[in-house]
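Below, each value reflects all heavy atoms present in this structure, side chains not excepted, and no hydrogens, waters or symmetry copies. Order of the sequence lines fixes the chain letters, A, B, ..., with proteins taken first and strands second; residue numbering starts at 1 for each chain. Given the structure is predicted, the values throughout are model-derived calculations rather than measurements.
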Number of protein chains: 2
Amino acid sequence: MKKSNNHYHHGHLAESLLDAVDEIATQFGIEAVTLRGCAKRVGVSPASAFRHYSDKRSLLTVFATRAVNQLADSMETSMLQAQDSGQDALQAVCMAYVQFALSKPAFFRAMWREEMIYTQDPDYLVATQRLASYLQQGFVNTITDEDPCNFSPQEMLAWSSVHGLACLFVDGPVARDKGMEEKLAIAEAVLTQLTPVLTQ
Amino acid sequence: MKKSNNHYHHGHLAESLLDAVDEIATQFGIEAVTLRGCAKRVGVSPASAFRHYSDKRSLLTVFATRAVNQLADSMETSMLQAQDSGQDALQAVCMAYVQFALSKPAFFRAMWREEMIYTQDPDYLVATQRLASYLQQGFVNTITDEDPCNFSPQEMLAWSSVHGLACLFVDGPVARDKGMEEKLAIAEAVLTQLTPVLTQ
DNA sequence: GGTCATATGTTAACACTGTTAACTTACAAT
DNA sequence: ATTGTAAGTTAACAGTGTTAACATATGACC
């Protein structure tokens, strides 16, 4: 947090670049994110980013990891709220998933761009596993509990349908003209259809 | 099909470029597709592509449309086969969806890249509506039949879950180490869970 | 068959991209 | 104070989409 009167050293460049990705992606979409653009926004030379990230892809990987954790945070709070008020926790978690995708589409896209990020990155993997764990809630006593990447058909169904909904809303031809509330209503209707299968 | 001895005019450049996109995307992924790369592969100058496509994005839009129609074709044949052999047609259509995504991941990605294609393109829209119609099969006597973009919760559930499965397999952290047969088995298990809801 | 408009190709340039190498500056430990 | 290192700059590289100016083959019309 030290601030020098001389601005040769930025001090928090790594994080500031992430914020720049955030802003540009939010305004103009993930495809518009450019290393030079981020550097210019931060007020720094184009090459400086490479002191903190070996790659553009590395920067986007960290950004994606951040986004996954934001989504997981949102799911966690929704889950806790539902548990306090005695509502269906799984449904709340699923709705949080869709809501995040709708309100931050660029972030949601960045999370799953296999070709734009290093999907083998340890931090990224940890984040996605954390994400998955919230969708496995309610299925604690399923048979396979050893491998955290192994899902029961029920768990896969939950994740698949909510992920499909989010993707179809964000990148698909579904409900393009409709507003956010309508889309959330559709999601709620779809997930309600699903609850008898998931809570058996 | 006429072939001149002088090669100044290529003759089928528009389609050949699409084939180049196909090959490069299959080999190196959609992100590796480059106008100049396609032109070089076809044996033509970089600027020639602009006589047939106003944009890189236009080229990718036509490619995506082509891919959507290929998927729809595959779903149609699966549906007909299932109807002939008395099997569940919807399940067959869904499995064809997942299978296509797994065997042609670059194509599947290209279909839904909102920021890389013109999603308002008429041909693209027609193709996606055709695709959706196969997933609406079996729900013919639902209430809303006027707007082809309007789906019942059941229809949305079918599309969402199958689309989510495909996306999670292609770009997600699910079953990365597993082979195609195992993934198809997972998909089958998930969809089987779903049939009671869909065939009520 | 010759003329000529047009469709379709080429070339050369533009600004922009990610990335690297060589250099410079500030900080922090001795 | 010296000096090694972390973190910035500058200048260059090849590669990208795109355009304008030019060139050539095709096909329609007389």
Would you indicate, yes or no, if dG8(D) has its OP1 or OP2 atom less than 4.0 angstrom from a side-chain nitrogen or oxygen of His52(A)?
yes
Please confirm whether the backbone N or O of Met111(A) pairs with a side-chain atom of Tyr124(A), one donor and one acceptor, at under 3.5 Å?
yes
Under the side chain to side chain donor-acceptor pair (under 3.5 Å) test, which residues partner Gln70(A), sequence neighbours left out?
none
Pull out every residue in residues 25-36 of chain B that has a heavy atom closer than 4.0 Å to any atom of DNA chain D, ordered by number, or say none.
Thr34(B), Leu35(B), Arg36(B)
Who are the salt bridge (Lys or Arg N to Asp or Glu O under 4.0 Å) partners of Glu182(A), not counting sequence neighbours?
none
So the side chain to side chain donor-acceptor pair (under 3.5 Å) pairs with at least one residue in residues 35-45 of chain B (sequence neighbours excluded) are Glu23(B)-Arg41(B)
Can you work out whether Gly37(A) or Arg51(A) has the more 5'-proximal nearest nucleotide on DNA chain C?
Gly37(A)
Using a cut-off of strictly less than 4.0 Å between a heavy atom of the residue and any atom of DNA chain C, enumerate the qualifying residues of residues 54-64 of chain A by number.
Asp55(A), Lys56(A)
What pairs of residues pass the salt bridge (Lys or Arg N to Asp or Glu O under 4.0 Å) test when at least one of them lies in residues 76-87 of chain B, not counting sequence neighbours?
Glu76(B)-Arg130(B)
With the side chain of Phe50(A) defined as its heavy atoms from C-beta on, choose the nearest nucleotide among dG18(C), dT8(C), dC23(C).
dG18(C)
Arg113(B) and Asp171(A) ion-paired at < 4.0 Å:
no
Quick check: does any side chain N or O of Thr61(B) sit under 3.5 Å from a backbone N or O of Ile117(B), one acting as donor and the other as acceptor?
no
Under-4.0 Å side-chain N/O to phosphate OP1/OP2 contact, Ser45(B) with dT10(C)
yes
Can you tell which of dA12(C), dT10(D), dG9(C) lies closest to the side chain of Ala47(A)?
dT10(D)
Taking the six-membered ring for Trp, are His163(B) and Phe108(B) parallel (under 30°), tilted (30 to 60°) or perpendicular (over 60°)?
tilted
